[in-house]
Amino acid sequence: MSSLQPVRGTHDLLPDESRRHRKVEETAFAAARRYGFGEIMTPIFEFTDVFARTLGETSDVVTKEMYTFADRSGESITLRPEGTAGVARAFISGGLAQSLPLKLFYRGPMFRHERPQKGRLRQFHQVGVELLGVESPLADVEVIAVAWRVLSELGLASKVRLEINTLGDAESRETYRNTLVAYLSGFRDSLSEDSRNRLERNPLRILDSKDEGDRRIVENAPLMTDSLSPAAREFFTQVTAGLHALGIPFVINPRLVRGLDYYCHTAFEFTTTELGSQGTVLAGGRYDELIATMGGQRTPGIGWAAGVERLSMLVGEVADDARPVSVIPMGDAMAALVVAERLRRSGRAVEMGFSGNMKKRMARANKVNARFAVILGEEESARQAVTIRDLDTSTQDEVPLAQLEDYLGRQS
RNA sequence: GCGGGUGUAGCUCAGUUGGUUAGAGCGCCAGUUUGUGGUACUGGAUGUCGGCGGUUCGAUUCCGCUCACUCGCCCCA
């Protein structure tokens with residue numbers, strides 16, 4: 001393997017793609033702010049324990065996908081595979097319990113050693129929100145509303161479908177788990193190999209197995225709904241009522257589960273059919289026991305994370321809206337540099353090539369999609385003027401140097 | 001981690017039933033226009049035919065391994 005290749009599953013983001021990423025991130029953050037979320041930036045690595053304890057010792061993410069290494073002092077460090085654990089850690093270590101309820105937004109790279117595919121990278125990016133300290137189902141509704149707003153503003157409302165389910169409270173979940181395992185054990189020999197392994201580890205996952213045989217068995221399996229405590233049932237009813245009230249379309253999927261152990265009650269997922277098998281674009285749920293599990297005082301929470309790469313594939317091309325001015329020197333390049341700088345200080349994007357004749361520079365101006373070319377010719381210079389060519393209309397004027405900004409301001 | 005597909009110029013792809021100089025379109029560079037772009041015309045450059053090894057007189061073409069991407073599984077955002 002050549003060391004001049006990027007590491008498997010990593011990617012350089014060139015300007016076009018980078019712009020799309022930014023658009024996704026900024027749109028998400030702008031929307032979240034309107035709901036009262038502020039940005040938190042946690043470290044990209046944490047002590048391994050932070051993830052091992054919170055995600056569940058048996059989850060796949062922890063057992064085989066983390067980038068874990070010993071640092072120079074021998075500490076076991078892990079590159080974050082997701083954002084919630086780090087936020088929860090910051091919540092505890094930063095004494096943020098003082099300021100509940102807390103609404104936090106985050107963005108940034110995450111790392112998972114998985115087999116790369118379209119929409120699945122080893123270094124990928126997420127944006128996400130966490131709402132801490134609110135027991136009420138209204139929090140679930142609000143958090144889902146932010147997600148829906150973000151997706152809508154990215155123009156993806158019609159490409160995406162919201163599925164929700166409840167995993168119940170700890171008690172209901174335990175009851176359900178037992179009845180499910182009891183049911184499935186009767187079919188042990190007919191289950192797929194994958195699902196047989198999941199039987200002890202994570203039986204709920206068998207519910208959304210893609211194996212044909214599994215599906216037939218699961219079809220008649222008892223549902224979470226039947227094991228729900230009255231309180232958990234009421235909670236879920238409130239959530240769905242809230243979504244109706246806000247006009248957010250959704251479907252209930254009783255077989256929707258979450259991979260990470262810390263989830264309870266509401267679980268939701270926005271999926272698309274346009275990205276193949278990596279169709280989940282944004283997902284989240286409630287995690288009332290997470291903070292307590294980590295050793296903090298029990299604090300309910302709910303949040304979601306979205307895959308920036310997946311969203312940006314759906315968003316498509318994003319136009320660069322700031323069209324530059326091209327400054328074209330014919331004689332004195334230094335004088336042109338001064339003019340370019342002047343325009344930049346006035347807030348304009350200015351492009352000035354480092355070499356080339358007029359023709360080349362005009363071609364370049366065209367290529368960078370400039371609106372105007374400011375031509376500094378010798379003759380105009382003598383008159384303390386420049387020629388400004390409108391590249392859209394192919395017309396040009398001679399303008400006194402002193403009125404440069406004014407003229408451009410009037411034209412565009 | 002498992003199974004399948006693909007890998008030829010910067011990009012999209014053709015081609016070689018193994019044989020001397022590997023092609024197209026787009027893009028790039030130059031010119032037609034020595035102070036004027038986007039169109040048109042003319043000309044030009046570029047490839048260790050993903051990498052390593054094997055078979056062969058000879059491999060980009062066949063075989064093995066490997067790497068990358070991709071599809072499905074798994075997992076998940």
Side-chain angles (χ1 to χ4, degrees), chain A residues 1-11 14 24 28 55 59-66 81-84 107-128 147 192-195 197-198 201-202 205 208-212 214 257-260 268-272 275-285 303-314 326 328-331 353 356-381 386-396:
Chain A
M1 165 175 46
S2 163
S3 59
L4 286 182
Q5 283 189 341
V7 173
R8 185 174 200 200
T10 67
H11 229 29
L14 271 28
V24 170
L55 305 185
S59 73
D60 278 39
V61 170
V62 170
T63 54
K64 40 194 195 204
E65 293 174 3
M66 296 205 303
E82 57 98 50
T84 304
R107 58 176 134 190
M110 308 291 166
F111 306 85
R112 253 120 95 159
H113 191 103
E114 296 184 275
R115 176 142 174 183
Q117 264 181 43
K118 182 174 171 189
R120 192 167 85 184
L121 300 168
R122 290 186 172 180
Q123 176 177 159
F124 61 104
H125 297 77
Q126 291 189 333
V127 292
S192 67
E193 195 188 329
D194 279 328
S195 288
N197 290 331
R198 285 187 280 221
R201 280 192 159 191
N202 196 351
R205 280 232 77 99
D208 64 359
S209 170
K210 282 173 190 156
D211 181 90
E212 273 301 320
D214 290 354
V257 296
R258 306 269 67 216
L260 277 15
F268 59 94
E269 227 168 78
F270 285 87
T271 58
T272 176
L275 295 181
S277 65
Q278 312 303 320
T280 301
V281 116
L282 181 155
W304 52 256
V308 175
E309 283 80 0
R310 291 180 187 180
L311 287 175
S312 96
M313 280 188 276
L314 290 178
S326 256
I328 298 179
M330 292 313 299
N357 57 24
M358 176 130 196
K359 185 184 166 74
K360 265 190 181 166
R361 288 169 182 274
M362 286 299 288
R364 169 89 189 159
N366 197 60
K367 208 170 104 184
V368 299
N369 193 28
R371 174 70 204 285
F372 298 104
V374 174
I375 302 164
L376 286 92
E378 318 248 293
E379 297 157 29
E380 297 95 317
S381 285
V386 296
T387 295
I388 296 180
R389 183 174 178 84
D390 183 324
L391 295 177
D392 288 353
T393 62
S394 298
T395 55
Q396 58 190 50

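Residue numbering restarts at 1 for every chain, and letters A, B, ... go by the order of the sequence lines. Bear in mind that the values here come from a model prediction, so they are computed numbers and not experimental data.
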Nearest-angstrom distance, P atom, B/A14 to B/U8: 10 Å

Please check if any side-chain donor atom of A/E380 sits under 3.5 Å from a side-chain acceptor atom of A/T387, or the reverse. yes

A/R120 side chain: which of B/C76, B/G35, B/C74 is closest? B/C74

Ignoring hydrogens and angles, are the base of B/G37 and the side chain of A/S326 linked by a donor-acceptor pair under 3.5 Å? no

Inter-nucleotide P distance (B/C74, B/C2), Å rounded: 16 Å

I want to check something: taking the side chain as every heavy atom from C-beta on, are A/R310 and A/L282 in contact at a cut-off of under 4.5 Å? no

Would one find a side-chain N or O of A/R310 under 4.0 angstrom from OP1 or OP2 of B/C76? no

Any idea which of B/U33, B/A77, B/C69 is nearest the A/P116 side chain? B/C69

Considering only B/C76, B/G1, B/G38, which nucleotide approaches the side chain of A/R115 most closely? B/G1

Closest nucleotide among B/G35, B/U36, B/G38 to the A/M330 side chain: B/G35

By nearest atom, which of the nucleotides B/G38, B/C75, B/C69 is closest to the A/R389 side chain? B/G38

Minimum-distance nucleotide (side-chain atoms of A/Q117 versus B/C71, B/U36, B/G37): B/C71

Nearest-nucleotide pick for A/D194, side chain only, options being B/C73, B/G38, B/C69: B/C73

Is there a side-chain contact between A/M362 and A/I328, using heavy atoms and a 4.5 Å cut-off? yes

Kindly say whether, by distance alone, the side chain of A/R198 makes a donor-acceptor pair under 3.5 Å with the base of B/C75? no

Distance between C1' atoms of B/U60 and B/G23 (Å, rounded): 13 Å

Nearest heavy-atom pair of A/G83 and A/Q126: which atoms, and what distance? N-OE1, 4.1 Å

So does A/K359 get a side-chain nitrogen or oxygen closer than 4.0 Å to the phosphate oxygens (OP1/OP2) of B/U34? no

